[in-house]
Structure formats: C-alpha cells, structure tokens
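Reviewing the structure listed below.
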Amino acid sequence: MKKIGNYNRILVTSALTYANGHTHLGHIAGSILPADMYVRYLRLAGYDVIYICGSDEYGTAIEMSAIKEGITPETIIDKYHFANKKAYEDLGMSFDIYSRTSTEYHRKASQDFFLNLYNKGLLSQRTEKQLYSEKEGRFLADRFVIGTCPICGFEEATGDECENCGSSLSPLELKKPRSKITGDTPVVKESTHYYFPLASYQDKLKEWIESKTDWKPNVVNYCKGWFKTGLKDRAITRDLDWGIPVPVEGNDGKVIYVWFEAPIGYISNTIELFEGRGTPDKWKDYWQKEDTKLVHFLGKDNIIFHAIFFPAMLMAHGDYVLADNVPANEFMNLEGSKQSKSKGHAIYVKDVLTKFNPDSIRYAIASNMPENKDTDFYFEDLQAKNNNELGAILGNFVNRTFVFCEKYFEGKVPESGKFEEIDSNITGSLISYTQRIASYYENYKFKDALSETMNLVRDANKYFNDTEPWKAVKESKERCGTIINICLQLCHTFAILFNPVLPFTSEKILKMIGTGKENFSWDRASELCLKSGHVLNKPEILFTKIEDSEIEF
RNA sequence: GCCGGAGUAGCUCAGGUGGUUAGAGCGUCGGAAUCAUAAUCCGCAGGUCGGGGGUUCAAGUCCCUCCUCCGGUACCA
C-alpha cells in the first residue's frame with residue numbers, strides 16, 4: 001500500500017451522531033461530508049483507509065427525552081439510529097461501518113478501557129453534594145435543575161448557567177431549585193464518582209499539541225486557552241440508568257460518562273468492522289500501530305473532547321495511537337441563524353433528500369463548507385449552484401460532448417489525430433490539476449479542492465468553444481474527432497475527480513462512458529484512458545433545473 | 001464574566017510570517033458564438049476590508065479599545 005507521509009494506513013472518524021433526533025445539514029457540513037470527501041479521495045489515490053462513524057446513544061439527554069415522551073430510551077435510539085443511518089447512505093456517505101454505542105462490542109470495549117485505567121490505580125473516587133429528586137428517584141444533571149439566579153434574580157436559570165445575566169452557576173447556588181421534568185423540589189444528597197486525572201496530563205498534552213504544525217489555528221489556540229486556565233480532573237461516572245454500567249463492584253446505579261465512552265465508540269466500531277470481515281485482530285493495526293494516521297473530523301463544539309479529553313484517555317491507556325489531526329469545522333447556519341434540533345430550525349437530511357439530488361446537496365454544502373468561519377445555507381444558493389454550476393458547467397459539458405459524439409461519430413470514441421497546441425495544453429494540464437487537487441484534499445482544504453475541480457470543467461468548456469468542433473466537423477472530420485476524443489477523455493477524468501464530492505454523478509458519467517472501473521483511480525485521472533472505437537452508452541441528463549417553486553416552503 | 005474564533009464586493013466566501021492598482025465563484029450589465037438541458041465563451045462595473053485610536057516609509061494583516069455574531073466554560077452532547 002501507498003504511504004502518506006510516514007504513515008502506512010489512515011483511520012478516519014466523523015463525530016458520532018447523537019441519536020435523539022434526525023441528522024441535519026449542520027452535521028453534514030461539520031463532520032460528515034468533509035470526512036467522506038477526504039476518504040473517497042484517499043481510496044481513489046490508493047491509500048489504505050477506513051472510515052468509522054455511528055450513533056452515540058447513551059446519556060442524560062436521551063434518558064430525559066424518553067421520560068418526557070413516556071417511552072423507553074431503546075425506542076428513541078432505534079428510531080434515530082436507523083433513520084440517520086439511512087439518511088447518510090442516501091446522501092452517499094461511504095462509511096466502512098456506521099454502528100452504534102448500544103452494542104455488546106461497545107459495552108465490552110468501554111468497560112475494558114475503564115478497567116484498564118482503574119487497575120492502574122489512575123482513577124480516584126471523590127464524594128460531592130448533588131441535587132436529588134426524591135419524586136423521580138434520581139440525581140438531576142445541572143441543566144435539569146431550574147431555579148432563581150443568585151446574581152440577577154432571573155427565575156428560569158438552569159443549574160449550569162443563567163440565560164439572563166450569563167453567569168456560570170452551580171445547581172447548589174440556585175435559589176428555589178426545582179426539577180425541570182417534574183417541578184418538585186430536590187434535596188441535597190452525596191454521591192461518589194470516579195475521576196479521570198486530566199490535570200496530570202496537561203504537560204504531555206501541551207507538548208503533543210505544540211508539536212502539531214499543521215493543525216487549524218482555531219483548534220490549537222482553543223486548546224492553549226484551556227492549558228492557560230489549567231486542566232482539572234474530570235468525573236467520568238454519572239448517576240443515571242441509561243448508560244454502560246461502571247464495571248467495578250459497589251457502583252449500582254452508576255454508569256460511565258458519555259464523553260468517556262462515546263469516543264471509545266470509534267474503537268468498538270472498528271472492532272465490529274473487522275469482526276464482520278472475518279479478521280478479528282485487524283482492528284489493532286489501525287488503533288495500535290504507530291504508522292497509522294488517525295484523523296478526527298468534528299464540529300467546533302467537540303474540540304475539547306477530541307483534542308484534549310480523548311487523547312488524554314489514550315495516553316493513560318498507553319496502547320493507542322493519538323490523532324494526527326483534528327480538523328474541526330465551524331458551523332453551517334440556516335438562512336442567517338443557527339440550526340437547532342430543539343428549536344426546529346434545521347434542515348433534516350431525510351427531508352431535503354425527498355426534493356433534491358443528493359449530489360446537488362453535497363455540492364451546495366461542500367462549496368460553502370465552514371472551514372474557517374460559520375457559513376450560511378440558503379435554498380436559493382442550492383438552486384443557483386445546481387442550475388448555474390452543476391447543470392450549466394459540468395452537466396452541460398458532458399451532455400454537449402456526448403450528444404455531439406452521438407450525432408457525428410455514431411456514439412463511438414473517435415480516433416485521435418495529431419495534437420495541436422490547444423490540445424496539448426488542456427491534456428497536459430491534467431497532471432498539475434490532479435496534483436493540486438490531491439494536495440488540497442490531503443491538507444483538508446475541501447472548498448479549494450472543489451473549486452479547482454470545477455475550474456478544470458470551465459477549462460473544458462472553453463476548450464470546446466475555442467476548438468469549435470461544430471465547424472471542424474464540416475472542414476475536417478479527423479480534426480473534429482481529435483477534439484471530441486479529448487472531450488470524452490475529460491469526461492472520464494471528471495468521473496474520477498468528482499467522485500469525492502459527487503459520487504452519484506461520478507457513477508452516472510462512468511456508466512455513460514461504459515468502461516467500468518478499470519481505470520478508476522486518481523493516477524489515471526490525468527491520463528487519456530479511453531480507446532478509440534469504444535462504444536458509449538446513451539447520454540443522460542446529470543442535473544435537472546431546480547425551479548423557483550421548488551425552493552418555496 | 002473568562003477562554004477561543006469570526007465581521008472583506010449585491011450574495012456566498014479566499015486572503016502564512018505587514019509590501020506594487022484587495023481576489024474568486026455566483027448574480028448584474030455589455031458583447032461573441034450556436035455543438036449542447038438558452039446550457040457556453042469573452043469583457044465591464046462593483047469594496048474608505050465592523051467602528052475608533054495607535055505603531056510603521058508601508059496595515060485587511062501588528063497593538064489598544066469598543067460594537068456585533070458563534071463555540072466553550074469542566075454534570076447536555
């Protein structure tokens with residue numbers, strides 16, 4: 001297999017999707033689509049790569065949703081796990097596995113991880129006062145306590161902060177505390193929890209992050225901010241029913257904290273993947289060999305867990321590789337304000353897929369990906385990009401080429417004659433294009449990769465215009481054949497280069513060409529692979545126009 | 001409050017370590033072409049870079065300050 005830097009294989013993760021709601025475009029833009037593009041590129045380029053994702057299914061939020069709706073947590077996670085899995089599939093996400101944290105694989109992996117640290121004596125126990133609802137028979141998480149803010153007197157402050165004055169609070173400070181669920185008054189009760197010694201990993205983490213020269217400034221600076229404040233030890237157990245039981249005697253009613261076990265989901269899903277492939281030990285290559293490049297894709301809200309907490313866990317365990325990069329994206333907002341499941345202001349993947357071509361959605365998001373700052377998604381933008389770029393530039397080039405070939409060359413790849421300068425220019429540019437685009441992908445610059453790919457199509461349209469095959473066909477059939485031959489070669493190139501962002505269109509173009517995948521690799525994208533005389537399939541329209549009426553809601 | 005990020009053309013966004021007339025795509029307007037889903041190609045126009053102050057021969061870029069938005073703030077995930 002090909003090496004990337006000093007690495008022999010690449011392990012890519014996207015942040016697990018929390019299974020208490022339908023996945024929306026914010027998730028796609030933040031952590032799923034960039035990872036999928038990255039992985040698709042790497043596969044085409046011949047690297048050994050696996051792509052891991054799944055549902056995150058435990059924790060307070062799902063348990064509370066279940067209580068509110070009067071159903072079991074299992075009902076919730078089943079509903080959203082399968083719905084989201086399907087939504088991702090329909091949008092062309094190419095996970096090697098999309099599993100879930102409620103599996104036996106994950107329970108075992110999480111408990112083993114916990115026990116590994118426990119047996120090393122790294123986990124300490126501390127007792128703290130917490131609010132307990134006797135009516136519900138449970139401890140209340142901070143944000144499920146409501147009361148009067150001791151600072152400004154706001155009566156609807158939650159246990160973690162006051163929405164009115166912005167102060168950080170602890171639930172014990174609230175006056176007149178009450179349960180958000182039942183409204184009853186909680187009592188103070190003591191509870192003992194296990195703590196992960198995060199503070200003692202500060203120096204190692206700092207050294208590790210400072211050694212990373214290619215990380216986004218946002219990620220590095222954010223971490224440095226935490227080091228400046230000073231890391232504190234963190235509780236890794238919770239008083240909750242819905243979770244993975246603490247695997248140590250005498251801890252009934254306690255589960256492992258979600259942010260301790262969820263990232264282990266990357267590991268347990270990898271275990272499950274290779275179990276399913278019949279090579280049950282192979283997962284260790286990806287997680288425990290130094291020559292693995294581990295890359296976590298995620299949104300900016302998850303930086304703390306992927307760049308500080310999880311790496312510290314892995315350091316403490318000792319057997320695992322650490323992330324080579326944590327390319328966090330900012331957020332994609334919806335028409336000017338942020339997407340939110342709870343406020344119903346979001347575009348769910350399942351909904352948008354019923355109206356639009358998945359590749360058009362992927363393109364609209366990828367071309368406006370929040371790599372450096374929050375961006376906005378507009379349906380007008382999706383429409384414009386579909387009609388004016390995908391349809392007019394890419395779709396039209398492929399179509400005009402195929403239709404022309406069908407009309408004048410019986411749908412067969414024409415013979416190529418001697419190249420003129422204009423021919424050599426465009427075919428010769430393919431090497432630098434593919435190298436440049438590859439470099440963009442490898443450096444997590446997905447917008448640049450995409451716009452550069454489109455630039456090649458613009459060049460192709462210009463080539464078609466400048467060579468005027470509609471005139472050439474009347475003057476010299478041979479010259480015209482050369483032009484159309486080149487245009488068809490370019491279509492084959494597009495099938496490859498657009499695969500990371502437009503996988504369905506890529507397949508369609510390939511099907512129209514009818515050669516199968518014999519030359520379907522990044523290296524071949526700069527070569528003229530089609531043989532003259534090859535019979536093409538009938539052309540089909542790649543992108544239909546989106547009318548104004550279709551984006552009105 | 002504190003930590004981090006962001007504010008650039010009508011719209012959506014690029015602009016390491018300060019350096020010639022601030023860029024791209026889309027949109028607008030003008031022109032060319034007619035193979036193609038009226039889809040393409042060429043050209044013009046369009047910005048006192050959130051406000052104010054400072055450093056410098058030179059600031060979108062560095063410093064100070066203010067405003068606005070986003071994330072985090074350790075028991076939501």
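Naming: A, B, ... by sequence-line order, numbering from 1 per chain.
- Atom C1' of nucleotide B:C35 and atom CG of A:L488 are separated by 13 Å, given to the nearest angstrom.
- Counting any heavy atom pair closer than 4.0 Å across all strands shown, A:G230 reaches a base atom.
- Atom P of nucleotide B:C75 and atom CG of A:L198 are separated by 11 Å, given to the nearest angstrom.
- Remark: A:K407 is not in phosphate contact with B:C35, judged by side-chain N or O atoms under 4.0 Å from OP1 or OP2.
- The nearest whole Å value for the distance from the CD1 atom in A:I304 to the P atom in B:C76 is 13 Å.
- A:R143 has a side-chain polar atom (N or O) that falls below the 4.0 Å cut-off from OP1 or OP2 of B:C76.
- For A:W226, the listed nucleotide lying nearest its side chain is B:G72; candidates were B:C75, B:A39, B:G72.
- Looking at the side chain of A:E128, the nearest of the listed nucleotides B:C76, B:A77, B:C75 is B:C75.
- Using a 4.0 Å heavy-atom distance criterion, A:F543 is classed as a base contact.
- For A:S191 and A:D239, the side-chain atoms include at least one donor-acceptor pair closer than 3.5 Å.
- The interatomic distance linking A:N455 (CG) with B:A14 (P) rounds to 17 Å, in whole Å.
- Residue A:T544 is out of contact with every strand shown, counting any heavy-atom pair closer than 4.0 Å.
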Practice prompt. Determine which bases of RNA chain B form Watson-Crick or G-U wobble pairs with both distances under 3.5 Å, and write the result as a 5' to 3' dot-bracket string with | for other-strand partners.
Written response: (((((((..((((.....[...))))..((((.......))))......(((((..]....))))))))))))....

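- Straight-line distance from the CG atom of A:D376 to the P atom of B:C70: 11 Å, rounded to whole Å.
- Judged by the 6.0 Å and 45° rule, A:K232 forms no cation-pi pair with A:Y195.
- At the heavy-atom level, A:D301 lies under 4.0 Å from base atoms of the strands shown.
- Residue contacts shown for A:N372 are limited to sugar-phosphate atoms, with no base heavy atom under 4.0 Å away.
- Between the side chains of A:Y58 and A:H106, no donor-acceptor pair is found at a separation under 3.5 Å.
- For A:A392 and A:Y222, each mapped to the nucleotide of RNA chain B holding its nearest heavy atom, the one lying further toward the 5' end belongs to A:A392.
- Remark: the A:K373 side chain and the A:N218 side chain contain no N/O donor-acceptor pair separated by less than 3.5 Å.
- Closest contact between the side chain of A:F331 and the listed nucleotides B:U37, B:G71, B:A77 involves B:G71.
- Between B:A39 and A:K545, a contact under 4.0 Å exists linking OP1 or OP2 to a side-chain N or O.
- Of the N and O atoms on the side chains of A:Y98 and A:N269, not one donor lies less than 3.5 Å from an acceptor on the other residue.
- Note on A:I62: nothing from the nucleic acid sits closer than 4.0 angstrom, heavy atoms only.
- Contacts of A:A141 with the nucleic acid, taken as non-hydrogen atoms under 4.0 Å apart, include base atoms.
- Nearest to the side chain of A:K228, among B:C13, B:C3, B:C76, sits B:C3.
- Residue A:N465 has no polar side-chain atom (N or O) positioned under 4.0 Å from OP1 or OP2 of B:A32.
- Looking at the side chain of A:E330, the nearest of the listed nucleotides B:G5, B:C35, B:A36 is B:G5.
- A donor-acceptor contact under 3.5 angstrom links the side-chain atoms of A:Q130 to the base of B:C75.
- If you check every strand for non-hydrogen atoms under 4.0 Å, A:N333 touches nothing.
- The residue A:D239 sits apart from the nucleic acid: no heavy atom pair falls under 4.0 Å.
- Note: A:F404 and A:Y408 have tilted aromatic rings, judged against thresholds of 30 and 60 degrees for the angle between ring planes.
- Using a 4.0 Å heavy-atom cutoff across all strands shown, A:G59 reaches sugar-phosphate atoms only and no base atom.
- In this pair, A:W470 lays its aromatic ring flat on the base of B:C35, centres within 5.5 Å and planes under 30 degrees apart.
- Counting any heavy atom pair closer than 4.0 Å across all strands shown, A:L231 reaches a base atom.
- Ring orientation note: the planes of A:F309 and A:F305 are nearly perpendicular, at an angle over 60° on the 30°/60° scale.
- Side-chain contact of A:Y363 with A:T505: a donor-acceptor pair under 3.5 Å is absent, judged by distance alone.
- The residue A:T60 sits close only to the backbone: its heavy atoms come under 4.0 Å of sugar-phosphate atoms, none of a base.
- Among the protein residues, A:K462 comes within range of the sugar-phosphate backbone only, with heavy atoms under 4.0 Å from sugar or phosphate atoms but none that close to a base.
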Discussion item. Evaluate A:E420 against A:R479 for salt bridge (Lys or Arg N to Asp or Glu O under 4.0 Å), listing each step before the verdict.
Written reply: CA-CA 9 Å; A:E420 296 182 2; A:R479 173 62 195 146; 3.5 Å; yes

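- For A:Y378 and B:U12, the shortest distance from a side-chain N or O to OP1 or OP2 is below 4.0 Å.
- Nearest nucleotide to the side chain of A:N302, out of B:C76, B:A77, B:U34: B:A77.
- In this structure, A:K224 atom NZ and B:G71 atom P are separated by 24 Å, rounded to whole Å.
- Distance from the side chain of A:N368 is smallest for B:C13 among the nucleotides B:C13, B:C41, B:A77.
- In this model, the phosphate group of B:C75 is approached by a side-chain N or O of A:R238 to a distance below 4.0 Å at OP1 or OP2.
- Side-chain atoms of A:N396 and base atoms of B:U40 include no donor and acceptor less than 3.5 Å apart.
- Per the geometry, CG belonging to A:N20 stands 14 Å off P belonging to B:C76, to the nearest Å.
- Nearest-nucleotide positions on RNA chain B place A:E540 closer to the 5' end than the other of A:E540 and A:Y58.
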Which protein N or O atoms sit under 3.5 Å from an N or O of nucleotides 26-28 of chain B?
| unit_1 | atom_1 | unit_2 | atom_2 | d |
| --- | --- | --- | --- | --- |
| B:C26 | O3' | A:N388 | ND2 | 3.3 |
| B:G27 | OP1 | A:N388 | ND2 | 3.0 |

Item to complete: Give the C-alpha distance, both sets of side-chain angles, the deciding distance and a yes or no for ring pair (Phe, Tyr, Trp, His ring centres under 6.0 Å) between A:H193 and A:Y257.
Response: CA-CA 10 Å; A:H193 285 290; A:Y257 173 44; over 10 Å; no

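- For the residue pair A:E261/A:T101, the side-chain donor-acceptor check at 3.5 Å is not satisfied.
- Summarising the geometry, the separation between CG on A:D214 and P on B:U17 is reported as 17 Å, rounded to the nearest angstrom.
- Within the nucleic acid shown, A:F305 comes within 4.0 Å of at least one base atom, counting heavy atoms only.
- Using cut-offs of 30° and 60° for the angle between ring planes, the A:F196 and A:Y201 rings count as parallel.
- Between A:N218 and B:A6 there is no side-chain N or O to OP1 or OP2 distance below 4.0 Å.
- Side chains of A:N455 and A:R458: a donor-acceptor N/O pair is present below 3.5 angstrom, by distance only.
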